[in-house]
Amino acid sequence: MVKRAATNQKIAAILREIGLFDEAFDVPYKPQAYESAAEVVEGLGEQLSDLYQKCGTACIDDLPGIGESIAKKIEELVTTGRLKAYDQLKKKYPFDLAGMTAIHGLGPKKAMALYQALKVKDLKALENAAKAGKVRRVPGFGRKTEDAILSGLGFLREHEGRFRLHDILPVADRLVGQLKRVPGAHEVEVTGSIRRMKETIGDIDLIMTADDPKRALDAFTAYPEVTQVLMRSDDRASVRCRGGIQADLIVLEPDHFALVLHHFTGNREHNIELRTLALKHDMTLSEYGLLKEGKPLPIKKEENIYQALGLPWIPPEIREGQGEINAAREGRLPDLVGYDDVKGDLQVQTDWTDGAASIEEMAKEARKRGLSYIAVTDHTKALAMTGGLDEKRLAEQGKEIDALNAKTKGFRILKSTECDILKDGRLDVDDAALKALDLVCVSVHSFFALSESVQTERIIRAFKHPLVNVFLHPTGRIVNAREPYALDFPRVLRAAKEYGVALEVNGSHRLDLRDAHVREAVGTGVKLVIDSDSHSPAEYDFLKFGIAQARRGWATKADVLNTKPVEAFLKALHGLKKNKK
DNA sequence: GCCGTTTTCGGCCCGACTGTTTTCAGTCG
């Protein structure tokens, strides 16, 4: 078969741009339908082309937010790689509508007006026109809009795309800590996609209550990480922080805190669904109140909003409009794995290879953080640049671990490895060496460009090895840095289940598995482990990002093996192998 | 274009801000 199917990313971009064109032409309702479909496509863990091969448009039509019409468009994109309707649209309006609307303050209608008046086709042409003072002469535009376009272009150039949660959460936490120390400050919370622990973040949204709003805002705008004050009023301020991210603070009356916290936590789809549900209960919901017959109900906590609508409280991590409200209504909301539930970290690198600290130091830090075991998973010899271990060094490392375990009580260091899967699916270390370990973890670090079927076969061959327990960072992606390798993920899941292999949720910048994959794994009954992939003591911080990602994928404590104490964990892990056919 | 606790048609979330206007459209969250 000719392999020219469009990727999910490409499909989402096309759907989104079609929606933008509809919006530019003031077509009602369709823009939201296309945008919502694009969101769903982006969040999928599986390629639409694979889904299509399996069961045609029926499966695609079944996706939430995707109906007959868009399913047909997707079919065309995965079978031919093109979409005629889109091509015609672009032929008639050959300009970068999506790129232009990425500029803050410039929406589809204004972008279309600029194209029609000035024939600007891309960001470069737009910049030239703005610099030449042509934009302000277009009807409906003025000097301020022209300036805003130029500054928006500058920002885009500096910051392509979104910021990583890993980089932003510490900044947000620091701001929250500082605001809590302002005299007269009461509640302070971070909201938005940070509260949902989404892997990438657009800006930092903060809300608080305080006796003296002016004092709180004065303090906020004066913090050392603030490089520029963008806006300031009586109850709110927007600032630019070091590194370029924007942070917004609103100081609220106590009565509105929970409502606004909920409103800004979102996401948009979740809010829309909830407001629609409110209407069905003859209520209206906004950030200003939950009104029944025009009268506001008392909302002290977020729980009150959900209760009034007959729902249990829904954790922020799964407020994505991906079926959580229906699940809540039907009483099948998962009891998500908690941030304190993980008992051991199963991917820890030490100075035996590319880690920065000794085994003892890594163990000490893990213990300090409340863990009761770690697995030492240094690389193997195929990864020469890290000084990967061969059989002999692995055995020596085992002796050091035995000695350390002998002198400690209440903490266990497990002997393990991050064994390379070679190009043909064999393992980088011999069976005798692997047998001496408490558990065997494997991963891919080479030959990323293999075709989907070859890569999948390679990995499944490794799964068939009787000693393999855990598959680390299964898709090879790195947030904002590297795309995953081609993989038939549903097949990998089935093989993991059949051969008794657990999949990792890696909390480092990889975030691999990602949320959608976790949800698929949970749905298939594949067991997970959550690890930090620490290369230094400080990187145990990454564990919480892994837990967050697992929560976003609806994983419960029972889905995650390393929520168990060490003996029970090992028993359960090896039990996966024994149960296999 | 999507969807169903008004289920195959007739609805579709809510409010504020901004800039360009003289009363509002567009954008954003």
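Letters A, B, ... mirror the listed sequences (proteins, then strands); counts begin at 1. Bear in mind that the values here come from a model prediction, so they are computed numbers and not experimental data.
Residue A/Leu277 is classed as having no contact, given no heavy-atom separation below 4.0 Å to the nucleic acid. Residue A/Leu106 is in sugar-phosphate contact alone, with no base atom involved, counting any heavy-atom pair closer than 4.0 Å across all strands shown. Residue contacts shown for A/Pro31 are absent, as no nucleic acid heavy atom lies under 4.0 Å away. Among the atoms of the strands shown, base atoms are found under 4.0 Å from some heavy atom of A/Ile272. Among the atoms of the strands shown, none is found under 4.0 Å from any heavy atom of A/Glu273. Heavy atoms of A/Arg143 sit under 4.0 angstrom from primed sugar atoms or phosphate atoms, though from no base atom. Among the heavy atoms of the strands lying under 4.0 Å from A/Ile103 are primed sugar atoms or P, OP1, OP2 only; no base atom is included. Residue-level contact check: A/Pro28 touches neither bases nor backbone, having no heavy atom under 4.0 Å from any strand.
Nucleotide B/dC28 holds its P atom 16 Å from the CG atom of A/Leu230, rounded to whole Å. Atom P of nucleotide B/dG15 and atom CG of A/Asn271 are separated by 13 Å, given to the nearest angstrom. Taking atom CD of residue A/Glu39 and atom P of nucleotide B/dC2, one finds them 16 Å apart after rounding to whole Å. Protein atom CE of A/Met231 is 11 Å distant from nucleotide atom P of B/dG19, rounded to whole Å. If you take CG of A/Asn326 and P of B/dG4, they are 8 Å apart, rounded to a whole angstrom. If you measure from atom CE of A/Met283 to atom C1' of B/dC14, you get 17 Å, rounded to the nearest angstrom. For the pair A/His281 NE2 and B/dC13 P, the interatomic distance rounds to 17 Å; values are reported in whole Å. Computed from coordinates, the A/Leu114 CG to B/dG26 P distance equals 13 Å when rounded to whole Å.
In this structure, A/Asp218 pairs ionically with A/Lys214, as a charged nitrogen and a carboxylate oxygen lie closer than 4.0 Å. Checked for salt-bridge contact, A/Arg275 and A/Glu287 meet the test: a charged N lies under 4.0 Å from a carboxylate O. With respect to A/Glu146 and A/Lys134, no salt bridge is recorded, no charged nitrogen being found less than 4.0 Å from a carboxylate O. Under a 4.0 Å N-O distance rule, the pair A/Lys30/A/Asp22 does not qualify as a salt bridge.
Across the P atoms, B/dC2 and B/dT6 are found 23 Å apart, a figure rounded to whole Å. Rounded to a whole angstrom, the distance from the C1' atom of B/dT20 to that of B/dA25 is 9 Å. Distance noted for atom P between B/dG19 and B/dC9: 47 Å (whole Å). A distance of about 15 Å separates the P atoms of B/dT27 and B/dT21, rounded to the whole Å. When the C1' atom is used for both B/dT5 and B/dG1, the distance is 23 Å, rounded to whole Å. Separating the P atom of B/dC13 from that of B/dC3 is a span of 13 Å, rounded to the nearest Å. Taking the C1' atom of each, B/dC12 and B/dT7 are spaced 15 Å apart, rounded to whole Å.
Side-chain polar atoms of A/Asp335 and A/Thr556 form no donor-acceptor pair below 3.5 angstrom. Checked by atom type, the side-chain pair A/Arg329/A/Asn326 shows a donor-acceptor distance below 3.5 Å.
Where A/Ile66 and A/His263 meet DNA chain B, the nucleotide closest to each residue was compared, and A/Ile66 sits on the side nearer the 5' end. If you find the closest nucleotide of DNA chain B to A/Gly107 and to A/Glu330, the one lying nearer the 5' end belongs to A/Glu330.
Nucleotide B/dG19: paired with B/dC24 (Watson-Crick or G-U wobble, both distances less than 3.5 Å).
Because its NZ or CZ atom is not both nearer than 6.0 Å to the ring centre of A/Tyr52 and within 45° of the ring axis, A/Lys54 does not count as a cation-pi partner of that residue.
Among the nucleotides B/dG15, B/dC28, B/dT6, the one closest to any side-chain atom of A/His104 is B/dC28. The side chain of A/Pro108 lies closest to B/dT27 when the candidates are B/dT27, B/dC14, B/dC28. In this structure, the nucleotide among B/dG29, B/dC13, B/dG1 sitting nearest to the side chain of A/Phe264 is B/dG29. Closest to the side chain of A/Lys109, from the set B/dC2, B/dG15, B/dG26, is B/dG26.
OP1 or OP2 of B/dG1 lies within a sub-4.0 Å distance of a side-chain N or O belonging to A/Ser69. For B/dC13, the OP1/OP2 oxygens have no side-chain nitrogen or oxygen of A/Arg268 closer than 4.0 Å. Dashed line: the shortest gap from a side-chain N or O of A/Thr145 to OP1 or OP2 of B/dT20 is under 4.0 Å. The phosphate of B/dG1 (OP1 or OP2) has a side-chain N or O of A/Lys73 nearer than 4.0 angstrom.
Look at A/Tyr29 and the base of B/dC12; the rings stack, centres closer than 5.5 Å and planes less than 30° apart.
A distance below 6.0 Å separates the ring centres of A/Phe542 and A/His509.
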